[in-house]
Structure formats: structure tokens, C-alpha cells
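Worksheet: one structure, shown below.
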Amino acid sequence: MADNVPLKDYRNFGIIAHIDAGKTTTTERVLFYTGVIHKMGTVDEGNATMDWMAQEQERGITITSANTTCAWKGKKLNIIDTPGHVDFTIEVERSLKVLDGAVVVLCATSGVQSQTETVWRQADRYKVPRIAFINKLDRLGASFERVLGEIRERLGANAVAMQLPDGTEDKFGGLFNLITRKYHIYKNDTGDDIEVTDVPAEWKDKVEEARHEMIERLADADDVIAEKFLEDKEITETEIHAAVRRAVCADKILPVYTGTALRNKGVQLLLDAVVEYLPSPLDVPPVKGTDPNDEEKVMERKADPKEPLSGLVFKVATDPYVGKLFYTRIYSGTLVSGSTVLNSSEGKKERIAKIVVMHSNKQEIVQKASAGEIVALVGLKDTRSGNTICDEKDKILLENMKIPEPVVSMSIEPKTKADADKLGLTLRKFLDEDPSLRVDYDPETAQTIISGMGELHLEIIVDRMKREFNLEADVGRPEVAYKETITQPVKNVEGKFISQTGGRGQYGHVVVNVEPSEKKGSGVEFVNEIKGGAIPREFIKPVEKGFREGALNGVIAGYPVTDIKITLFDGSYHDVDSSELAFQMAAKAALKEALQKGKPVLLEPVMDVELVSPDEFMGAVMGDINTRRAQIVNTGVIGSLKTTRCNVPLAEMFNYVNAIRSLSQGRASFTMEPSYYDTVPQYVTDKIVGSREDKKKEK
């Protein structure tokens, strides 16, 4: 397939959305209409092609992004179906990092939801051109116009309706194509018998009005159309197609399509839009990177099979038959099976044993892969998610993806001695696969702590340990991943480490200023302002290492320290006794003193929570959420349902699903995602410190 499809005919795109908007069902229909599958599965029945993990089929949600390849109208499509659940946001992040375009699926009833905003921001971060598909038009309370308005208002997108639906809910009959002025009527249940006719007389005015608005919005984004529009000249269909493509590739407009994937209506027209408007690898800017030996030197690689090889390993997965699969986007050059490449992130050579094209969880072996392709590699030893592979002679280091901070942690203890030996190896495998997972050892409680993006994230990890690795473990209650910081600057803090125990001594001395960071979420920032060689250059890195290691345990309750800026400006050394270890220890001592003097506080993750409830239960739901330290942001109405958005500390939201069900007879629902970290009130801090002390005593 790779040999006979030109690069301009590749479309690498993802399907992104809020949980339950219909991404997996839409992908299933795409596979059916492109001939990859001959029977359409559904999420409810647990037989959707892209939800292949046992945990996905049981829960009816997507957990891992699945990759597949198909063809439509002579174009090769590489599709990634991503999860909508916030706990698996890293899957969306890493998919968008390597994709050229995306289809944003929205529910015609629920509209723009909290997770829609999150995936939209992720797509903005990587400047990914998008098309929107308003799905579930057959559902009760569906409204194309309302959701179109929400896209413009809440996402700030220049949304352009490319279609009009003929009715909604059970009266949804067909679709009007605004470019061609044609009416598409679906004649059978599988949606592949479509009659295309002229627009009925009673719809003509409405279609012309919508078409005029489409061209007007397009004129705002494209100069060629603007000129013709202002001169009132006829604009041909070919010119509209070309202008929409230019505007989408430049990320200036969002074409909006509609239909119902479950009832098989509107998916072929969406596919037409994907091949017509989303960019090929040639339409996106060349990928940028740096020289591994010189971070200041910026380099770029064009999407050309003849350029030096560069690729990003964006995901690692374990296959029961093949072993580890390294999902890789090849940006430039050609990769041949059996060849040796350089992992520039780790500085190690890797041999490519096999190259496979993925069809969900099935593989097709190929001999080579070139620029623009997304493939999986087999046989790599030292490569992890986020690493760059490149030509040994022409090195480049591509930018890694943004890894979200974990917000929930739990202790995990093996049940037997045999399990204890397996635990470390098993967790290592999960860490290689999932950059949003953290594993730490708490020396105070002698426990292994796993941290992730939410309760479900950790639950799936524990479940997979049991099923895939036959590892039994006792897990503690999920806990909030608190952090610590300081609230006032501390100047001229000295840290010394002097030891004289016969023979060679140890000497390290640093002087620093430590202050709260201006930018939230910036972690630990280290600034070296040593002048005149007060501390030799070879000891600066050990000093920074000492600060970063010291910041792993704060002074209030031993939580990691964040949002501080450490400026090293003075110190002293001894010609004979100074060592890397001595300066590391001096840095740790200085930081500990600064943290104690800087009025330290605990920080907790605050969640953006969206509540949806029938009117009669909203009072009870609001009464309950207010007891959870909630701050109401806004309220709204979707059909007969009331909505509320609020910020609530994660600590107050554990097991909330049971509470909201019992308050509303199971009819209210909620979604939440991490929003920001905020200071913990003193009375809550006292409770947290007290429970940490109790744990230590138990051990």
C-alpha cells in the first residue's frame, strides 16, 4: 500500500470528543464504508473493532487509542480513535502530537461538554486542523443550530455549517449539501443506498440562506473567495472546495457536518470532507527539532522519503503475541525492516526487527515505511514513549509531548513473595507504555505508590496487572496527589555539607534565593547566576540535581514541591575535598531550610465539574455539591435538563458517582477533569498531616 499511494493522498487524522459522543461508533462506520469490516459492531454489544481490550468491552468506553488504516476515494487514511474519558487524556495528547488533522465529534443533544473543551485545547496546542461532526441527530432533544452556536461561543471556533439536516429526532430524514445544493436521502438501514436529488421547493429559501452564510464566513477566511464575494461574482463548486481546503489547512475555519453514526446517516459525506479538506503530510509545516548535541540549534525535516530519517515513538503497547509494539509517526526519510537506527533521546542504537501496519489489534507486516506513515515497530530494546528515532549520521531530537500531572495516587502491595519480585518488572512495563503514570516508593510508610489521572486510570492498571501478568496485589484507597509550595520569598539561604572522617573530606557550600513562581504549574525552576567561578562549572549540574531531588519531599507532609524558582548566586568550594555528592547534599540542605522559612502550604487539585440533572433533582444535587467546597462557575439549560459547572477539590469527589445516583434516582450525571492546583485550607491541611502521621505509626 505504501508503494503506490503518493504522499499527497495520505490523511493522518484522529477522532476526538467528550466521552459518549460517539467516536468509536463513527470509526466503526468508517471502517464499514471503506470495506475494512463487513459487519458493524457496537459499543453497547462490546464488539466494536476499535475497542479490543477486555476492559473496554466490559465498560463500554475507549481506554487506549486504536490505530487503523483504510482507503476512501483513492486516499489512504490512517485513523486513530481516541478515548473521551479524562483519565486517559494522555492517549489524546500523544495522538494529536503526531496527527495532521482531526474530526471532532459532538453530541447533538449534549453539545459542547467539558472534555470537548479539553481535547479542543489539546488540538490548539499542536495546531491541528479540524472538521466537526454533530452526531446523534436522532436523539431526543437534538438540535443542530444550538450545538453550532455552542461551538462558536464556547470553543471560539469559526464554525461553518456545510450541511443542513432535514429535521431531527425521529423526524430526521436526510441532509442538504450546501455546496452542491443537493438533498441526500438515506433509503436503507445500513446507510449505503443514498438517493441524491434536488432540494425540495419548501427548503429552497432556507438552503440558499445557509449557503450564503457559508460563503460569507468562507470569504472572511480566504482572500480569493472574499474578492469574488465582494464583487458579487458567481463562485463555482470547485472554487469553494479549494477555498475550504486552504482555510482548513491554515486552521482558519471549522467545517461542520452532521448525521447519526448509529443509524448510519452522514458518515460517507464526513469521509468525503476528510479526503477533500484535511491536510496531507505535505500540507503541514516541516517538523522541528534540535541537535541532540546542541539544544540551541533548531533543525527541521520535510515530509520527504529522501530526507534523513526522523520519527517519533508516540506510544508503546504490549501485544500478547508480538511483544512490545512501538507506534511511530515517520516524519521524514524511509525506514527499512532489519535496519539500525539511533534513538536520539536515549543516545542508543536500535535494530528494527519488524515493521507492521496496524488494523486495531491486528498487524500486517511490511518491509519499509516512509515519511507521512504511522506504523508500529517491533524489536526495540531501550525505547520509550516520546523518544525520537533518527538517522545515525544525521541526528535530530524532536519535541516530546506535554505530560499531564497525576492527581490521584494509591498504595499497592504484593500479596506473596513471588508477586513482590514480579511487581517491579510489571510496573516498569506500564511506565514504558504510559507516561502519565508515576511510581514512587514512600520510605516513611514502606509502600509502593502509583499515581495517575484518576480513579479509573489506576483501577484499569490494577485490573491489567491481574489479567495480563497474573499478579495479585492489595491496593489502598485512592488518595489525592497533593503538592507543596511556598508563599513568600526567602533570600540568602546557605546550604553547607562538610564532613571530615579521616582521609579525604567532603565540602560543598551554596547560597540561594528561593521564591514562589509567577507561573502556576511551572514545577521547579532552577536558575544559575554564579559568576567568577565561586562554584566550578562541573558542580552546577549536581547542585541542580540536589535541588530537584530535595523537592520530591516537602516539609509539611512529604509531598512533592512545585511552583518554586531557585536562584543559585554564590557558594564556595575546596580544591581537594569538594565533590559532586557534597554539592548535592548542600543543595538539599539549603532547599529544606528555604522551604521551612517560606511559609509553606499544601496544594490540592481542583476539578472542573459539569453536572447535568433533570430539574426536579437539581436542588438536591446542588445542595450536596455545595457541601463539597464547590465554587459555582455558571448554570445553563439543555432541553429539559439543567446544567451546572463548578470547581470542586478532587478530595471531595471520591465515590461521587454513587452519591449523585442516589440523589437523582440514577438520572443525573457528571463529568470532571483536572483544572488547576489551589491552596488547601488550614483545617484540611491539619487533617492530612494527622493521617500521614497515623500511617507512619501503623507501619
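- When atom types are taken as modelled, the side chain of Ser409 and the backbone of Ala481 share no donor-acceptor pair closer than 3.5 angstrom.
- Note that the CG atom of Leu342 and the CD atom of Glu350 stand 9.5 Å from one another [nearest 0.5 Å].
- Between Arg301 and Asp394 there is a salt bridge, since at least one side-chain N of the basic residue sits less than 4.0 Å from a carboxylate O of the acidic one.
- With a 6.0 Å radius and a threshold of 12 heavy atoms from other residues, nucleotides or ligands, Tyr573 has its OH atom at or below the threshold.
- Using a 30° and 60° split on the angle between ring planes, His574 and Tyr507 fall in the tilted class, from 30° to 60°.
- Listed here is the closest heavy atom pair of Asp100 and Ser280: OD2-C, 4.2 Å.
- In this structure, Ser345 and Leu397 approach most closely via the heavy-atom pair OG-CD1, 3.5 Å.
- Atom-to-atom distance recorded for Ile355:CD1 and Leu377:CG is 6.5 Å, nearest 0.5 angstrom.
- The closest side-chain heavy-atom distance from Glu276 to Arg245 is not below 4.5 Å.
- Residues Arg329 and Pro281 form a side-chain contact, since some pair of their non-hydrogen atoms from C-beta on lies under 4.5 Å apart.
- In this structure the side chain of Phe526 reaches within 4.5 angstrom of the side chain of Ile540, judged on heavy atoms.
- Using a 3.5 Å distance cut-off with no hydrogens or angles, the side chains of Tyr327 and Ser385 do not pair a donor with an acceptor.
- Ser310 approaches Val287 most closely through the heavy-atom pair OG-CG1, 4.3 Å.
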Walk me through whether Lys76 and Glu373 qualify under side chain to side chain contact (heavy atoms under 4.5 Å, CB included).
CA-CA 10 Å; Lys76 179 178 173 178; Glu373 292 197 68; 3.2 Å; yes
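- A donor-acceptor pair under 3.5 Å is formed between the side chain of Ser517 and the backbone N or O of Ile564.
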Val248/Leu278 under side chain to side chain contact (heavy atoms under 4.5 Å, CB included): CA gap, chis, key distance, verdict:
CA-CA 7 Å; Val248 169; Leu278 284 183; 4.2 Å; yes
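- Surrounding NZ of Lys592 are at most 12 heavy atoms belonging to other residues, nucleotides or ligands under 6.0 Å away.
- Of the possible donor and acceptor atoms, one in the side chain of Asn387 sits under 3.5 Å from a partner among the backbone N and O of Arg384.
- A donor-acceptor contact shorter than 3.5 Å links the side chain of Asn12 to the backbone of Gly372.
- Nearest heavy atoms, Val105 versus Ala17: O-CB, 3.0 Å.
- Between Pro489 and Asn513, every side-chain heavy-atom pair lies at or beyond the 4.5 Å cut-off.
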What's the verdict on side chain to side chain contact (heavy atoms under 4.5 Å, CB included) for Val128 and Ile16, showing C-alpha distance, side-chain angles and the deciding distance?
CA-CA 12 Å; Val128 178; Ile16 60 174; over 6 Å; no
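- At a threshold of 4.5 Å between non-hydrogen side-chain atoms, the residues Tyr126 and Asp124 do not count as touching.
- With no hydrogens or angles considered, no side-chain donor-acceptor pair links Thr383 and Glu346 at under 3.5 Å.
- At distances below 3.5 Å, at least one donor-acceptor pair connects side-chain atoms of Glu484 with backbone N or O atoms of Tyr559.
- Between Ser332 and Lys302, the closest heavy-atom pair is CB-O, 3.1 Å.
- Note that the CD1 atom of Ile15 and the CG atom of Leu99 stand 10.5 Å from one another [nearest 0.5 Å].
- The 12-atom threshold is not exceeded at CD of Glu518, counting heavy atoms of other residues, nucleotides or ligands nearer than 6.0 Å.
- A salt bridge between Arg130 and Asp251 is present, with a side-chain N of the basic residue lying under 4.0 Å from a carboxylate O of the acidic one.
- With hydrogens and angles ignored, the 3.5 Å screen pairs no side-chain donor or acceptor of Thr328 with any backbone N or O of Val313.
- Leu312 has its side chain within reach of Lys97: a pair of non-hydrogen atoms, C-beta onward, lies under 4.5 Å apart.
- Here Arg246 does not pair with Asp223 in a salt bridge; the nearest charged N to carboxylate O distance is not below 4.0 Å.
- A heavy-atom distance below 4.5 Å is not found between the side chains of Ile253 and Tyr277.
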Step by step, would you call Tyr677 with Val407 a side chain to side chain contact (heavy atoms under 4.5 Å, CB included)?
CA-CA 10 Å; Tyr677 268 81; Val407 293; 4.3 Å; yes
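- Rounded to the nearest 0.5 angstrom, Ile374 CD1 and Phe13 CZ are separated by 10.5 Å.
- Residues Leu155 and Glu117 meet the side-chain proximity criterion, which asks for heavy atoms closer than 4.5 Å.
- Lys395 NZ: 12 or fewer foreign heavy atoms inside a 6.0 Å radius.
- Taking every heavy atom of both residues into account, Ala303 and Leu7 meet most closely at O-CD2, 3.1 Å.
- Residue-environment remark: CZ (Arg438) exceeds the threshold of 12 foreign heavy atoms within 6.0 Å.
- Residue Gln367 qualifies as open at atom CD: its count of foreign heavy atoms under 6.0 Å is 12 or below.
- Annotation: the span from Leu282 atom CG to Lys8 atom NZ amounts to 9.5 Å, rounded to 0.5 Å.
- Judged purely by atom type and a 3.5 angstrom limit, Ser344 uses its side chain to pair as donor or acceptor with the backbone of Ile396.
- Once rounded to the nearest 0.5 Å, the distance linking CG of Leu568 with CD of Glu544 reads 10.0 Å.
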